[in-house]
Protein chains: 2
Amino acid sequence: MGSKERINRLKEQTRVNILDAAHDIVKDEGWQALSMRKIADKIEYTAPIIYEYYANKEAILLELTKKGFMLLACRMQEARNKHTDLGEQLEAMWLAYWNFAFEEKEYYQLMFGVEMNCCIMDEILPPGSNPFDIAAGPIAQLMGISDPDDDRVCTKYYTYWSIIHGLISINIVRKGTSDEINRQILKDAISGITRSLSN
Amino acid sequence: MGSKERINRLKEQTRVNILDAAHDIVKDEGWQALSMRKIADKIEYTAPIIYEYYANKEAILLELTKKGFMLLACRMQEARNKHTDLGEQLEAMWLAYWNFAFEEKEYYQLMFGVEMNCCIMDEILPPGSNPFDIAAGPIAQLMGISDPDDDRVCTKYYTYWSIIHGLISINIVRKGTSDEINRQILKDAISGITRSLSN
DNA sequence: TTACTAATTTTACAGTGTTAAATTATTTAC
DNA sequence: GTAAATAATTTAACACTGTAAAATTAGTAA
């Protein structure tokens, strides 16, 4: 009666095979190309058996999200444990986070939904209509730089943009966080960066 | 022969009607629910005529993205023109950006792809596995606060997270920006926030 | 009224996620 | 070993999706 266990092991195996197949497809063709039938093809079954293992497509995505968060947690803890100084711990952790986002890009996209259609916008939009063109002027002036396309201006612009876009992302998703706190973070961050421009 | 013009005007009208219908559907049911047939229903036509006005669904999305960027540009310029002081200009502009993201949430989601599946994660993930749990400890210690769930710790955590997530988002999308510059921004930002913890 | 052109719809195709029924394979009981 | 019962897997089907070609209707010009 050990066959029962062997079969259970096999079932557990196809459970992870499904996840792996999904991950592979996404790595090759992107999230949009992921379909139940493609997963089935990859694990050499037909589509309906997937529903024996996962309730639906969303459940698969959720499982992958979970896996992604666990992986990220590992990397961050690993990085933290390499240092004793608190400041160094923080820097190492955030660097690990950063690296995870690019090394496991597919996971990060799933976890935080980074797709964006703003890539080609620069060419399509009328000149002066994208946020950069509008903000770069004042930033350059404050820095005492004449050319708004100077790298130092770009850097500062992206610093602004990052924190604001990041905050917005959190807020659109995690509606829990109090609006008052966020406005405070935003104002602090903006004035902080703005102050740093004059140095 | 003025009927030619009237007809052209009508055609132009249904062109915007299509865009408006799409926007309405998204506002009611989200981006995922947007379909050609639903748009057609709303403008009281059948689906194929939409292709007389837009090449495909993506073209509609692109047009809406464009519209979103123009709207954002207006709001930012409006805000800037209300001030003469450069610092105030910047703050007003970014605040306008912030407000746009929430007032025109659908546009912002389309422009910057903020969907995210990390909402429910807190409950599903094993305790201590999400980035907050990992980072909050050192942050609290550095701030001399014993409770990692203290609001002040949260605020600082989100400041970190915002800028890092924002930077990653840009980098995943705009592969143009040099990696060296970004690492510099990241390190600067992290050490800047870290320094501010001790105050 | 007839011929032609433009506008619109019907039909169709290939794809999606998902469910129910039919089929095949495997295990159990005799 | 054969028959019955159960599990594993597939086929068929449904309601969608975006999109293209063909058929139809409406409107204009001769």
Side-chain angles (χ1 to χ4, degrees), chain A residues 1-26 28-65 106 109-110 113 115 117, chain B residues 1-26 28-65 106 109-110 113 115 117:
Chain A
M1 275 308 131
S3 71
K4 211 77 181 181
E5 287 173 28
R6 195 204 59 215
I7 280 177
N8 268 11
R9 245 192 343 260
L10 277 179
K11 286 187 85 172
E12 193 50 47
Q13 186 53 49
T14 69
R15 237 190 99 86
V16 321
N17 282 349
I18 290 171
L19 250 44
D20 287 350
H23 190 221
D24 284 352
I25 293 165
V26 170
D28 289 351
E29 313 175 50
W31 285 106
Q32 203 163 23
L34 182 66
S35 84
M36 299 300 258
R37 282 172 177 87
K38 267 188 198 162
I39 295 175
D41 263 20
K42 206 139 211 170
I43 61 170
E44 293 180 302
Y45 277 106
T46 49
I49 61 109
I50 302 179
Y51 293 86
E52 219 76 15
Y53 298 88
Y54 296 95
N56 48 36
K57 191 181 177 182
E58 215 185 318
I60 297 177
L61 261 30
L62 192 73
E63 201 68 24
L64 282 171
T65 311
E106 294 77 26
Q109 285 180 324
L110 181 59
E115 285 178 71
N117 300 101
Chain B
M1 275 303 135
S3 70
K4 211 78 179 181
E5 289 173 26
R6 195 204 58 217
I7 280 176
N8 268 10
R9 248 194 338 262
L10 278 179
K11 285 188 85 171
E12 193 48 47
Q13 185 55 47
T14 68
R15 238 190 99 85
V16 323
N17 281 349
I18 290 171
L19 250 44
D20 288 350
H23 190 222
D24 283 352
I25 292 165
V26 171
D28 288 352
E29 312 174 50
W31 285 106
Q32 202 163 25
L34 184 65
S35 84
M36 298 301 256
R37 282 170 176 86
K38 266 187 199 163
I39 296 176
D41 264 20
K42 208 141 210 171
I43 61 170
E44 294 181 300
Y45 276 106
T46 50
I49 62 107
I50 301 179
Y51 294 85
E52 219 76 15
Y53 297 89
Y54 296 95
N56 49 36
K57 191 182 177 182
E58 215 184 319
I60 297 177
L61 261 30
L62 193 73
E63 200 69 24
L64 282 170
T65 312
E106 294 77 25
Q109 285 180 324
L110 181 59
E115 284 177 74
N117 301 101

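Predicted, not measured: the structure shown is a model, and the values here were computed from it. In what follows, chains are A, B, ... by sequence order, proteins preceding strands, each numbered from 1.
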Nucleotide of D:dT10, C:dT16, D:dT19 approaching A:Y45 most closely (side-chain heavy atoms) = D:dT10
Minimum-distance nucleotide (side-chain atoms of A:I49 versus D:dT19, D:dT11, D:dT9) = D:dT9
Atom pair distance, as rounded to whole Å: CG in B:L10 and C1' in D:dA26 | 15 Å
Looking only at atom types and distance, does a side-chain atom of B:Y53 sit under 3.5 Å from a main-chain N or O of B:E12, one as donor and one as acceptor?
-> no
Looking only at side-chain atoms of B:K57, point me to the closest of D:dT19, D:dT11, C:dT10.
-> D:dT19
A:I50 atom CD1 is separated from C:dT19 atom C1', nearest whole Å, by 14 Å
Can B:L62 and B:Y54 be said to form a side chain to side chain contact (heavy atoms under 4.5 Å, CB included), step by step?
-> CA-CA 10 Å; B:L62 193 73; B:Y54 296 95; over 6 Å; no
Given D:dT11, D:dT9, D:dG18, which nucleotide is nearest the side-chain atoms of A:P48?
-> D:dT11
Donor-acceptor pair, side chain of A:K38 and main chain of A:A33, under 3.5 angstrom = yes
Distance from B:K42 atom NZ to B:N17 atom CG, nearest 0.5 Å?
-> 12.0 Å
Upstream residue (5' side of DNA chain D) when A:A47 and B:N56 are each assigned their closest nucleotide = A:A47
Counting any heavy atom closer than 4.0 Å, what does A:L34 reach on the DNA or RNA strands: base, sugar-phosphate only, or nothing?
-> sugar-phosphate
What's the verdict on side chain to side chain contact (heavy atoms under 4.5 Å, CB included) for B:I39 and B:I60, showing C-alpha distance, side-chain angles and the deciding distance?
-> CA-CA 11 Å; B:I39 296 176; B:I60 297 177; 4.2 Å; yes
In whole angstrom, what separates A:Q32's CD from C:dT16's P?
-> 12 Å
Closest-nucleotide ordering on DNA chain C, the 5'-leading residue of B:E44 and A:K38 = B:E44
A:K11 NZ to C:dT26 P: how many Å, rounded?
-> 15 Å
On a plain distance test, is the side chain of A:R37 in donor-acceptor contact with the base of C:dG15 below 3.5 Å?
-> no
Nearest-angstrom distance from the residue atom CE of B:M36 to P of C:dG15 | 19 Å
Which part of the nucleic acid, if any, lies within contact of A:I60, taking any heavy atom under 4.0 Å across all strands shown: a base, the sugar-phosphate backbone alone, or nothing?
-> nothing
Ignoring the backbone of B:S35, work out which of C:dT19, C:dT10, D:dG18 is nearest its side chain.
-> D:dG18
Could you give the OH-to-P distance, from A:Y53 to C:dT18, as a whole number of Å?
-> 17 Å
Between atom OH in A:Y51 and atom P in D:dA13, what is the gap in whole Å?
-> 18 Å
Can you tell me the distance, in whole Å, between the CG atom of B:D41 and the P atom of C:dT9?
-> 11 Å
